[in-house]
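Taking it in order: structure first as structure tokens, then the write-up.
We count ligands from 1, going down the list as the structure has it; atoms in each ligand are counted the same way. In this chain, residues are counted from 1 in sequence order.
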Amino acid sequence: MKSIEWNGTEVIILDQTKLPTSVEYLHCTDWRQVAEAIKMLRIRGAPAIGVSAAYGLILAFRESFHRGGSSVEILTEFRAFAETLRQTRPTAVNLMWAIDRVLQVVDTFTGEINELDEILVKEAIAIDTEDVALNVSMAKHGATLFQDKENYRILTHCNAGALATAGIGTALGVIREVHAQGRLERVYADETRPLLQGSRLTAFELHQDGIPVTLQTDNMAGYAMQQGLIDAVIVGADRITLEGDVANKIGTYSVAVLAKHHNIPFYVAAPYSTFDFSMETGNNIPIEMRNPQEVLQFQGVPSAPQDIEVLNPAFDVTPHELVTAIITEEGVLRPPFIDSIRGLQEKKMK
Ligand code: MRU
């Protein structure tokens, strides 16, 4: 199931807000539709957000180009559109990474303005196809951590699967590989309140692929660990800093604390586009605050007094001390992360 596709004129987005009850695709012909889809979590998950922004920028360029004017006017408007796309969600750094990558191509382009369309299409497709390959490498590296037995039980939080990327997923990509190697007993999927990415997306995705999955509400993770049901945790990430602090879906930090208490390895799987090499510590990661209605209602039905205050951060930051290892396409990074992440940065800058 592809989360996003480009058909030459439209960005086709699988509307994840409708899953699992209905499979509906949005055919975006305007970059504003892509921006709305990102904001409303119709497409979500850090790498998938980056890919959609890259495709959205083709539509943005086409609009500016067809309005006409000088190259400078066209590109000034295009850059303004790119900035609006950048504002759609603040935490997943893959969004900024993809937009900056496309803008750099534009900034260094020396040809005629009418040739830029083709260049932008090429770059967006490259970002998309690279993500597919990164997922496969991550899966192979991640699976090396699961070689000691044939019945691993892995807990995951939120959805870091095919729906969150262009390929097989980050955390779920590793899980798929462990399963393919015959070493997975089952996945314990946290439901992931308030938007239920765990039950609506992860359980759906795994179940469709015939991978054994047990769904639990978020507050059952401690029970499952205490009962000895969990061998390891694998989650994705929205931003990883130089020190190895990890922003991911709200609730990830609680799972990491529980894992530490129970002496269970806590792994993070993420490609280089999720690393923010310009940020040292997780204290500086902007955390998206979302609409209180997501907490005051349960699928449209009020579930609390409607006029009370609500805390609704979309992400939290897991400090690096709680992270056992970070699985990347280049290999498994171990503490001290400040060194191993700098090593990754150097490799990528070559
Ligand atoms: O709010 P979401 O659904 O975009 O949050 C997604 C997550 O937190 C994922 O775990 C993360 O983006 C990694 S996806 C490979």
Side-chain angles (χ1 to χ4, degrees), residues 3-4 13-17 19 37-53 88-98 130-132 134-139 142 155-176 187 189-206 218 233-240 246-256 266-276 282 285-291 294-295 312-318 323 326-329:
S3 59
I4 181 158
I13 288 173
L14 171 60
D15 186 346
Q16 298 187 29
T17 62
L19 291 173
I38 297 173
K39 222 182 171 82
M40 302 309 290
L41 273 59
R42 300 186 196 288
I43 180 113
R44 31 67 50 205
I49 294 173
V51 173
S52 29
T88 48
R89 295 196 75 188
T91 306
V93 79
N94 306 59
L95 173 65
M96 332 308 164
W97 169 84
E130 280 171 28
D131 192 54
V132 176
L134 295 176
N135 284 188
V136 173
S137 311
M138 244 180 287
L155 186 149
T156 192
H157 190 77
C158 192
N159 172 269
L163 291 165
T165 63
I168 57 172
T170 58
L172 294 195
V174 175
I175 286 172
R176 281 190 166 90
V187 177
D190 277 353
E191 181 186 44
T192 319
R193 275 283 285 158
L195 296 180
L196 310 186
Q197 288 92 332
S199 54
R200 292 189 304 104
L201 309 178
T202 294
F204 170 74
E205 207 183 302
L206 293 175
D218 301 350
V233 176
I234 313 182
V235 296
D238 285 82
R239 192 185 296 228
I240 303 174
V246 176
N248 192 48
K249 178 54 53 193
I250 189 72
T252 302
Y253 168 55
S254 317
V255 174
F266 180 89
Y267 300 123
V268 176
Y272 77 103
S273 51
T274 302
F275 287 78
D276 186 345
I285 299 177
I287 298 294
E288 174 183 9
M289 291 291 173
R290 293 191 61 87
N291 190 335
E294 293 176 351
V295 178
N312 190 17
F315 301 96
D316 56 28
V317 176
T318 299
V323 178
I326 303 175
I327 302 157
T328 75
E329 72 278 10

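By the ring-ring contact (aromatic ring centres under 6.0 Å, His included) test, Tyr267 pairs with Phe146, sequence neighbours left out.
Annotation for Met289: atom CE counts as buried by contact number, over 12 foreign heavy atoms lying within 6.0 Å.
Side chain of Asp190 to main chain of Cys158: no donor-acceptor pair is present (N/O by atom type, distance under 3.5 Å, no hydrogens or angles). A donor-acceptor pair under 3.5 Å links the side-chain atoms of His157 to the main chain of Ile250, judged by distance alone.
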Less than 3.5 Å apart, which donor and acceptor atoms pair up between the side chains of residues 45-52 and the rest of the protein, not counting sequence neighbours?
| unit_1 | atom_1 | unit_2 | atom_2 | d |
| --- | --- | --- | --- | --- |
| Ser52 | OG | Ala48 | O | 2.6 |
| Ser52 | OG | Ile49 | O | 3.1 |

N/O to N/O under 3.5 Å, ligand 1 against protein:
| unit_1 | atom_1 | unit_2 | atom_2 | d |
| --- | --- | --- | --- | --- |
| ligand 1 | 1 (O) | Arg89 | NH1 | 3.3 |
| ligand 1 | 1 (O) | Arg89 | NH2 | 2.8 |
| ligand 1 | 1 (O) | Lys249 | NZ | 2.7 |
| ligand 1 | 3 (O) | Arg44 | NE | 2.8 |
| ligand 1 | 3 (O) | Arg44 | NH2 | 3.3 |
| ligand 1 | 3 (O) | Gln197 | NE2 | 2.9 |
| ligand 1 | 4 (O) | Gly45 | N | 3.0 |
| ligand 1 | 4 (O) | Arg89 | NH1 | 2.8 |
| ligand 1 | 8 (O) | Asp238 | OD1 | 2.9 |
| ligand 1 | 8 (O) | Asn248 | OD1 | 3.1 |
| ligand 1 | 8 (O) | Lys249 | N | 3.2 |
| ligand 1 | 10 (O) | Asn248 | OD1 | 2.6 |
| ligand 1 | 12 (O) | Ala46 | N | 2.8 |
| ligand 1 | 12 (O) | Asp238 | OD1 | 3.1 |
| ligand 1 | 12 (O) | Asp238 | OD2 | 3.0 |

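Among residues at least two apart or in separate chains, side chain to side chain donor-acceptor pair (under 3.5 Å) pairs with a member in residues 158-174 are Arg44-Asn159, Asn135-Thr165, Asn159-Thr202, Asn159-Glu205.
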